[in-house]
Amino acid sequence: MNNHHSQIGEKERAIMILINKAGRIASGDEQGKFVKIEELSGAPTSYLVLTAADRDFQLAGGDEWVEDYASLEQFFEEARWVVVWEDDSQA
């Protein structure tokens, strides 16, 4: 049973969240949509999670505000998101 818990812990640590970079939601809620996280100024720093059906964030989109980075990580975990972030070198 301990091995199972350590594997879950490894998966949780594997969540990668990039700021100000677009990505495609490969699995989880809203699979197939694009996501971008914007850092908002202020103390403490908060974040805006943008989603849309297109890479330009013009179609069928939405936004969610989260109060801090820990809340952002929790948001990703609850949505079960696996995001494939775009690579600038391929653009």
Exercise for the section: Classify the angle between the aromatic ring planes of Trp85 and Phe76 as parallel (below 30°), tilted (30 to 60°) or perpendicular (above 60°). Expected result: parallel
side-chain contact (heavy atoms from CB on, under 4.5 Å) partners of [X], counting only residues at least two apart:
X     : answer
Gln74 : Glu78
Gln58 : Asp54, Asp56
Glu64 : Val49, Phe75

Completion exercise
Apart from Leu59 itself, its cluster of hydrophobic side chains linked below 4.5 Å comprises none
Same cluster or not: [X] versus [Y], using hydrophobic residues (I, L, V, M, F, W, Y) connected whenever any side-chain heavy atoms lie under 4.5 Å apart?
X     : Y     : value
Val83 : Ile17 : yes
Val66 : Val35 : yes
Tyr69 : Leu18 : yes

Would you mind writing out the side-chain donor-acceptor pairs for residues 27-34 within the sub-3.5 Å range, not counting sequence neighbours?
unit_1 : atom_1 : unit_2 : atom_2 : d
Asp29  : OD1    : Arg80  : NH2    : 3.2
Gln31  : NE2    : Ala26  : O      : 3.0
Lys33  : NZ     : Ala60  : O      : 3.1

Exercise for the section: Taking all heavy atoms of Arg55 and all of Glu86, pick out the closest pair and write down the distance. Expected result: NE-OE2, 2.5 Å
Report all side-chain donor-acceptor pairs from residues 36-48 shorter than 3.5 Å, counting only partners two or more places apart or in another chain.
unit_1 : atom_1 : unit_2 : atom_2 : d
Ser46  : OG     : Trp65  : NE1    : 3.1

